[in-house]
There are 2 protein chains.
Amino acid sequence: MSDRTRPTLATVAARAEVAPSTASLVFSGSERVAPATRDRVLAAAAELGYAGPDPVARSLRSRRSGVVGAVIGERLTYAFSDPVAVQLLDGVTEVLSPLGVGLLLLPGDADRHGPTLAQLAHVPLDAVVYATCGPEDDPALEHLRRREVPIVAVDGPGGDDVVLVGVPDRRGTAELTRHLADLGHRRVAVVALPLRLDGTRGPVTAERRARVHFRDVRERALGVEDVLGPVPLWETATNAVEEGARAGRVLLDVSAADRPTAVVAQSDILAAGVLRAAESLGLRVPEDVSVAGFDGVDLPWLPPVRLTTVVQPTTEKGRVVGRAVTELLAGRRPADAVLDVHLSVGTTTGPAPRA
Amino acid sequence: MSDRTRPTLATVAARAEVAPSTASLVFSGSERVAPATRDRVLAAAAELGYAGPDPVARSLRSRRSGVVGAVIGERLTYAFSDPVAVQLLDGVTEVLSPLGVGLLLLPGDADRHGPTLAQLAHVPLDAVVYATCGPEDDPALEHLRRREVPIVAVDGPGGDDVVLVGVPDRRGTAELTRHLADLGHRRVAVVALPLRLDGTRGPVTAERRARVHFRDVRERALGVEDVLGPVPLWETATNAVEEGARAGRVLLDVSAADRPTAVVAQSDILAAGVLRAAESLGLRVPEDVSVAGFDGVDLPWLPPVRLTTVVQPTTEKGRVVGRAVTELLAGRRPADAVLDVHLSVGTTTGPAPRA
DNA sequence: TTGAAAGCGTTACCAG
DNA sequence: CTGGTAACGCTTTCAA
């Protein structure tokens, strides 16, 4: 090993006695290179221990870095304890990885909902995916717009230059609620996902509800009310089992006269918490109270119960996002996409108990 | 908006009537710029809608891309259903994010243990973290070496040019095993994490054991044997609750004469599965069988049981990795680090039942 | 099929 | 404190 400095394409070209441009052609896999020349270049590269064209220099010329940002609102720990977020990103990488495009994590921290500008500004980005939160009033958005970085948002509120991928949250929840109504339920409470990421928890006032930050949360609440009219909302601080349990313990307080006969949680994770609360309060499900969720994720520790829920094709949603990114990278403007959901009736909903 | 083309630093400099190098100084936050000049440049930038220096061009010059790769062996869904992996990466980002460095996910897919070269080769990388698997015989390794990308490996086998961060897996497991031995346990079975990522599951033969791919798996097995001598190992296909349950159902088969009185699982996730299996087999824990894990992760759905386990400081491990990366980026060569673990005795281990 | 030359947008270095 | 100039390592015309 006598090399003083890391070899570059020029070094390789010189050693192979071809022009740099020809060597470049070889590494870009072009057909228009004589096999003999190609072999010579490859041999030179091997001898020099050349690792291939520097991605950064390549990016500068080709205006493509192979990096797509993933905005995941919160700390990794929170975002990735949400199976929906993970499945979604899994779908995205499934499509993007084979193209040599990687996902760059852009988490926020305890206080912030998104990445700081300092984080964004220094990092190459061919596109950005808002994976778990809409880009609504995100200061980073303006920066990305300036840089002309295309954006795909999941369940977000969108905007003209943002490609949207979502599901019919409202219709799905309405369908679920109709199922409950058909079973005789009239007093239904909703355990809501965070309306904003500020740690608030408790009953939702009209003012707070007017300032809901996330489209899907709003829509899922409306879906219930489409069927039953106004219902009480209980907001959780994060999408976590323990948060659902806290909510459940309050809502299902056995001493309350107007205890709901059914609880609609806005995620399966929260629903799992409500189930736990019911259990700890000595309530039978579904005899004393029905519980339903949203997402249709696999909670391996939930059985023997099967949760009634609205199933959304989360991984497929991720793939659709991945394809949208692919289109964007190719300079095309894909249409927004709305995937479908369906009701899955499990063992956690049943006839409303007689008053 | 009359701009035909995205503004560059040169455009901004021209408009502010300064040299490009001066404008560059402004954006790099240098002190050696007259406030008046700075304001003029900033004003010009604002007027032109300049988003700041192009990260790619900047990277080319400064030889730093702000991107650190995270190799996570498997599909996102598998890797991120492991709380240990998530906490670890959380710790890493906690240190790296404030530095404007982002984590690029480098998952494998169903068959592969690591990213393909096509994925790696096109992407800028200041460093790489092997987060959930050692770089042992990884073909990507040679590529990274050529590119002179520094590597930090967690619990990995290492190599001269790889910085290692780990915990005393062997000693920790030995301590746990001594606790069991003190309780009178002699017939102990181990539910092992995957020895290699090839979907194998079942009793571990000597040949297979000789080819174990992951250092921590080997060490944790040895820790048990340090105390009790050779014990049967049951390999799982992935680190998942259901896998632990499958293993548990076989190992705890009530009809077997030599049913173990204690099961040591190599992760808390697997231990949770074993607990489930015990329950479904009608065995009481710890009266009929003791169960222990490794990691000390918070499984919010596990209570009321408290798992006996070896607690490792996973998030701190991530921070240490982050700091090691920081050092490496600064051109220094940090020392390997071994963090500490401790035994946490819960309610799942007790005296061995009388034969 | 190959080569020459011109940048891509920035920062580093050295003068002034 | 500011300006000029030369890279950084590659790809992309355009010619030959």
Side-chain angles (χ1 to χ4, degrees), chain A residues 3 5-41 44-45 48-66 121-126 146-149, chain B residues 3 5-42 44-45 48-66 100 121-126 146-149:
Chain A
D3 324 72
T5 172
R6 216 173 357 28
T8 72
L9 191 53
T11 328
V12 174
R15 185 169 239 259
E17 297 180 307
V18 298
S21 52
T22 304
S24 173
L25 253 17
V26 170
F27 285 103
S28 73
S30 167
E31 301 286 295
R32 300 151 181 262
V33 177
T37 313
R38 214 227 337 272
D39 292 348
R40 205 139 39 82
V41 171
L48 293 170
Y50 180 63
D54 179 329
V56 175
R58 174 208 284 273
S59 300
L60 183 57
R61 255 329 320 225
S62 61
R63 313 279 334 144
R64 184 135 307 158
S65 68
H122 294 319
V123 139
L125 246 23
D126 290 345
R146 279 203 221 290
R147 271 174 72 177
E148 297 179 8
V149 175
Chain B
D3 325 69
T5 173
R6 216 173 358 29
T8 73
L9 190 53
T11 328
V12 174
R15 185 171 238 258
E17 297 178 307
V18 298
S21 53
T22 304
S24 174
L25 253 18
V26 171
F27 286 102
S28 73
S30 168
E31 301 286 294
R32 302 153 179 257
V33 178
T37 314
R38 215 230 333 275
D39 293 348
R40 205 139 40 84
V41 171
L42 260 17
L48 292 170
Y50 179 64
D54 178 331
V56 175
R58 173 207 285 271
S59 302
L60 181 59
R61 239 353 308 229
S62 61
R63 316 277 337 143
R64 185 135 307 159
S65 68
H122 294 320
V123 138
L125 245 25
D126 290 345
R146 278 203 220 290
R147 271 174 71 178
E148 296 179 8
V149 175

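Nothing here was measured: the structure is a model prediction, and the numbers come from that model. In the text below, chain A, chain B and the rest are named by the order of the sequence lines, each starting its count at 1.
No N or O donor and acceptor, one from the side chain of Arg61(B) and one from the base of dG9(C), sit under 3.5 Å apart.
Taking only side-chain nitrogens and oxygens, Arg63(B) comes nearer than 4.0 Å to OP1 or OP2 of dG9(D). Contact between the side-chain N/O atoms of Thr37(B) and the OP1/OP2 oxygens of dT2(D) is found at a separation under 4.0 Å. At least one side-chain nitrogen or oxygen of Tyr50(A) sits closer than 4.0 Å to the OP1 or OP2 atom of dC10(D).
When the nucleotides dT2(C), dC10(D), dT11(C) are ranked by their closest atom to the side chain of Arg58(A), dC10(D) comes out on top. Across dT2(D), dC8(D), dT1(C), the shortest atom-to-atom separation from the side chain of Ala34(B) is found for dT2(D).
Looking at every heavy atom in both residues, Ala45(B) comes nearest to Val12(B) through N-CG1, 3.8 Å. Across every non-hydrogen atom of Ala23(B) and Ala13(B), the tightest pair is CB-CB, 4.0 Å.
A donor-acceptor pair under 3.5 Å is formed between the side chain of Ser62(B) and the backbone N or O of Arg58(B).
Looking at residues 19-33 of chain B, you'll see Ser21(B), Ser24(B) sit with a heavy atom under 4.0 Å from some atom of DNA chain C.
Counting non-hydrogen atoms under 4.0 angstrom, Val56(B) reaches nothing in the nucleic acid.
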*Would Leu9(A) and Ser24(A) satisfy side chain to side chain contact (heavy atoms under 4.5 Å, CB included), going step by step from the backbone distance to the final call?*
CA-CA 7 Å; Leu9(A) 191 53; Ser24(A) 173; 3.8 Å; yes

*Given side chain to side chain donor-acceptor pair (under 3.5 Å), test Thr11(A) with Thr8(A) step by step and report yes or no.*
CA-CA 5 Å; Thr11(A) 328; Thr8(A) 72; 3.1 Å; yes

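A salt bridge is absent between Arg147(B) and Asp126(B); no separation between the charged side-chain nitrogens and carboxylate oxygens falls under 4.0 Å.
In this structure, Arg6(B) places its CZ atom 7 Å from P of dG9(C), rounding to the nearest Å. Taking atom CG on Asp54(A) and atom C1' on dC8(D), their separation rounds to 9 Å, with Å as the unit. The interatomic distance linking Leu9(A) (CG) with dC8(C) (P) rounds to 19 Å, in whole Å. In this structure, Arg38(A) atom CZ and dT2(C) atom P are separated by 10 Å, rounded to whole Å. If you measure from atom CZ of Arg64(A) to atom C1' of dT12(D), you get 15 Å, rounded to the nearest angstrom.
Residues Thr37(A) and Arg40(A) form a side-chain contact, since some pair of their non-hydrogen atoms from C-beta on lies under 4.5 Å apart. For the pair Ser59(A)/Val56(B), a side-chain contact is recorded, criterion being any heavy-atom separation below 4.5 Å from C-beta on. Residues Pro55(B) and His122(A) fail the side-chain proximity criterion, which asks for heavy atoms closer than 4.5 Å.
The terminal axes of the helix from dT1(C)-dA16(D) to dG16(C)-dC1(D), fitted over 5 pairs per end, subtend an angle of 30° to the nearest 10°.
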